[in-house]
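Just follow the structure's listing: the first ligand is 1, and inside any ligand the first atom is 1.
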Amino acid sequence: MNNRLFSLFTICLFFLGLLQPLATVDAAAATKPLPNIKILATGGTIAGAGTSHTQTVGYTAAVTAVDGLIAAVPELQNIANVSGEQVAQIASEDMTDEVWLKLAKRVNELLASPLVDGIVITHGTDTLEETAYFLNLVVKNDKPVVVVGAMRPATSISADGPMNLYRAVVLAGSAEAAGKGVLVMLNDQINAARDVSKTDTASLDTFKSPGLGLLGIIQNEQVAFYRQPTRRHTSASEFDVQQLSELPRVDIVYGYANNNRTMLDAAVKAGAKGIVHAGTGNGSIHTNLKPAIEAARRQGVVFVRSSRVGSGIVLRGGEFDDDSYGTIAGDNLNPQKARILLMLALIRTSDPAEIQQLFWKY
Ligand code: SIN
């Protein structure tokens with residue numbers, strides 16, 4: 001062998017040596033088992049149907065069953081072992097405590113099995129943030145739970161449901177999603193259940209975490225997280241609904257100019273155990289309501305001050321004397337999320353000091 005031939009031979013051996021470990025990694029990736037993902041369907045626009053390809057408002061929600069949703073995205077089979085279950089078939093404005101309890105119990109049951117790696121819940125967008133936050137507080141597992149919806153019915157041109165579902169399954173099957181609480185995935189964006197809110201009645205880019213921002217983004221099959229939730233959730237949460245068949249009644253009373261006490265009194269009379277006030281500004285309350293709050297407190301009704309503004313903190317003792325009234329400041333939870341935390345808190349205690357601590361923890 002002359003010198004040049006020998007050098008060429010040596011270089012080839014060197015590169016083969018380098019390639020060997022890469023080939024091993026590729027083979028490992030190719031043989032890595034697909035995650036087992038369960039899709040729990042509840043209805044909503046993602047399962048909706050219109051009368052024409054251009055109809056994006058006024059269609060019928062909750063028409064297609066879970067098997068139809070899965071069949072519409074055959075690519076799911078490349079990324080996960082997917083199976084479906086129909087938990088409900090409703091437009092999400094009709095969501096009930098009964099469906100929430102059924103869903104939470106089923107999620108806990110499924111995640112306890114070693115045969116389930118993650119869960120995707122298909123849901124209408126109207127109350128999606130509420131279901132996601134409820135589950136964030138009562139699911140007892142670190143495995144990924146992803147809530148997904150769509151803004152356009154499946155029959156429309158450029159329906160967003162199929163791609164949202166695909167990405168939700170990618171997310172639920174990813175190691176990165178574990179331990180981050182319940183996640184909401186629409187429009188390629190990952191948001192935390194606690195922070196996210198629907199902000200636009202019709203836009204595809206409607207789910208935002210006002211003042212806080214999204215947790216991450218999905219492109220193709222790549223999941224990228226940039227932040228993580230800091231408040232307690234899922235396996236670290238103290239709330240347990242496994243044995244419950246109902247939740248305490250909590251109503252929301254809205255704050256506005258020239259307000260009066262009628263709605264607040266009606267809520268107490270109807271048996272509310274708690275009331276969330278969607279106040280003006282920093283959770284401010286019209287002076288006409290103050291005697292009604294005192295009366296409600298005397299009856300043991302727990303009162304939380306939230307804000308109708310949509311972002312920012314309601315500070316304890318800001319413009320309102322929470323200590324004297326025995327009321328609770330809702331931190332930065334919007335009224336519908338504050339309602340959920342108060343419902344769960346009331347299962348444990350009706351002591352305002354303890355409930356205030358819960359609002360700062362969750
Ligand atoms: C619903 O919330 O069920 C209807 C609206 C939607 O899903 O976008």
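- Between Asp321 and Ser324, the side chains place a donor N or O and an acceptor N or O closer than 3.5 Å (distance only, hydrogens not considered).
- Contacts with ligand 1 closer than 4.0 Å are made by no heavy atom of Ala62, backbone or side chain.
- Close contacts between ligand 1 and Ala150 involve ligand atoms 7 (O), 8 (O) [criterion: under 4.0 Å to a heavy atom].
- Counting the atoms of ligand 1 from 1 in the order shown, those under 4.0 Å from a heavy atom of Asp126 are 2 (O), 4 (C), 5 (C).
- Take Phe320 and apply the ring-ring contact (aromatic ring centres under 6.0 Å, His included) test, not counting sequence neighbours, and it matches Tyr325.
- With Ile121 as the fixed residue, the side chain to side chain contact (heavy atoms under 4.5 Å, CB included) test singles out one of Val184, Thr42, Val87: Thr42.
- Among all non-hydrogen protein atoms, the one lying nearest atom 5 (C) of ligand 1 is Thr45 OG1, 3.2 Å.
- Ser92 OG, 2.6 Å is the protein heavy atom nearest to atom 2 (O) of ligand 1.
- Against a heavy-atom cut-off of under 4.0 Å, Ala91 is close to the following atoms of ligand 1: 3 (O).
- Not counting sequence neighbours, the partners of Phe134 by the ring-ring contact (aromatic ring centres under 6.0 Å, His included) test are Trp100.
- Here the protein heavy atom with the shortest distance to atom 8 (O) of ligand 1 is Thr125 OG1, 2.4 Å.
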Given the rule in the side-chain contact (heavy atoms from CB on, under 4.5 Å) test, do Asp126 and Lys198 qualify, once you have shown the distances and angles that lead to the verdict? CA-CA 7 Å; Asp126 286 357; Lys198 184 174 181 178; 2.8 Å; yes
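- With ligand atoms numbered from 1 in the order given, ligand 1 contributes 1 (C), 2 (O), 3 (O), 7 (O) to contacts under 4.0 Å with heavy atoms of Gly124.
- Listed here is the closest heavy atom pair of Val147 and Ala132: CG2-CB, 4.0 Å.
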